[in-house]
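Contents: one structure, followed by commentary.
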Amino acid sequence: MDRSFAKELYSESLDLATAQLADLATPGCDLQDDNDDGSLWGGSEDGLDKPSDLDREWQKRRNEFHAIGYRDGLIAGKETIAQEGFNIGFKQSVIAGYNWGTVRGVTSALSSLPDGLKEKLVQPEEKRKKFHELYESVNSITTTNALQLFHEDVLAEEAAGKKIKQSEEGAEPQKGSSSHLGIYVEELQSLLCDYPAIQSNSLAR
């Protein structure tokens with residue numbers, strides 16, 4: 001077949017095919033299916049790693065929140081226990097501390113009075129000496145020592161309470177007379193009984 005005749009016969013079909021191929025080759029034209037992620041054609045391996053990355057991220061966040069929750073719970077528990085311990089300690093110490101302060105205050109006030117006024121308030125001289133001795137005894141005890149004595153009293157009281165509960169169910173331990181600080185309170189009360197002019201009603205029971 002003559003070439004010119006073939007060209008003339010198929011020129012229209014060739015031109016049409018060439019135009020279609022040119023359109024497909026234009027920039028921005030995607031020959032790949034929109035739903036295809038490229039994994040079948042040797043695309044990036046990031047797509048295959050996404051599930052494992054998410055698992056690792058989830059585990060990391062889970063561990064972080066678990067640690068935060070544990071720490072917050074631990075702090076809250078410590079605060080609750082500390083508050084409960086404070087409430088118990090305050091209840092145990094408030095009366096003893098108040099009475100101890102009253103003993104120190106009354107004996108210090110009497111000791112600071114002029115001798116002439118002391119003689120008018122307290123007769124005979126033997127009683128004045130007892131007041132002064134009580135003042136010296138009380139003031140020889142530092143705050144730290146007083147706290148230590150109170151702590152020993154609390155421990156002794158708890159031990160006595162356990163013994164009583166074992167022998168007599170429902171009985172309560174006896175207070176006051178056996179405590180170190182209670183001795184000074186009782187001594188002041190016994191001295192003030194004879195002197196209504198300086199009677200103190202501020203001691204707590």
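Please read these numbers as outputs of a predicted model, since none were measured by experiment.
Taking CD from Glu186 and CG from Leu191, the interatomic distance works out to 12.0 Å, rounded to the nearest 0.5 Å. In this structure, CD on Gln148 lies 10.0 Å from OG1 on Thr142, to the nearest 0.5 angstrom. In this structure, the separation between CG on Leu134 and CD on Glu187 is 4.5 Å, given to the nearest 0.5 Å. Expressed to the nearest 0.5 Å, how far CD1 of Ile183 lies from CG of Leu149 amounts to 9.5 Å. Atom CG in Asn63 sits 14.5 Å away from atom OH in Tyr70 (nearest 0.5 Å). Distance check: Asn99 CG to Arg104 CZ gives 14.0 Å after rounding to the nearest 0.5 Å.
The nearest pair of heavy atoms linking Ser93 to Phe150 is CA-CZ, 3.4 Å. Here the shortest heavy-atom pairing between Val103 and Val138 reads CG1-CG2, 3.7 Å. Closest approach of Ser112 to Ala109, counting heavy atoms only: OG-O, 2.9 Å. Heavy atoms only, all atoms of each residue included: Ile141 and Ala146 are closest at CG2-N, 3.7 Å.
With Lys118 contributing its side chain and Ser111 its backbone, the two residues share a donor-acceptor pair below 3.5 Å. Looking only at distances, no side-chain donor or acceptor of Ser108 sits under 3.5 Å from a matching main-chain atom of Gly105.
No path of Ile, Leu, Val, Met, Phe, Trp and Tyr side chains, each step under 4.5 Å between heavy atoms, connects Leu147 with Val154, placing them in separate hydrophobic clusters.
Under a cut-off of 6.0 angstrom, the local environment of CD in Glu84 is sparse, with at most 12 non-hydrogen atoms contributed by other residues, nucleotides or ligands. Glu125 CD: 12 or fewer foreign heavy atoms inside a 6.0 Å radius.
Looking at residues two or more places apart in sequence or on another chain, you find a salt bridge (charged side-chain N to carboxylate O under 4.0 Å, His left out) between Glu57 and Arg61. For Tyr184, the ring-ring contact (aromatic ring centres under 6.0 Å, His included) partners two or more places apart in sequence, or in a different chain, are Trp100.
Using a 3.5 Å distance cut-off with no hydrogens or angles, the side chains of Asn87 and Gln83 do pair a donor with an acceptor.
Counting only heavy atoms from C-beta outward, the side chains of Arg128 and Gln123 approach each other to under 4.5 Å. At a threshold of 4.5 Å between non-hydrogen side-chain atoms, the residues Leu192 and Gln189 do not count as touching. Residues Arg71 and Ile75 meet the side-chain proximity criterion, which asks for heavy atoms closer than 4.5 Å. With contacts defined as side-chain heavy-atom distances shorter than 4.5 Å, the pair Leu121/Leu117 qualifies.
In this pair, Tyr135 and His132 present their aromatic rings tilted. The plane angle is within the 30 to 60° band.
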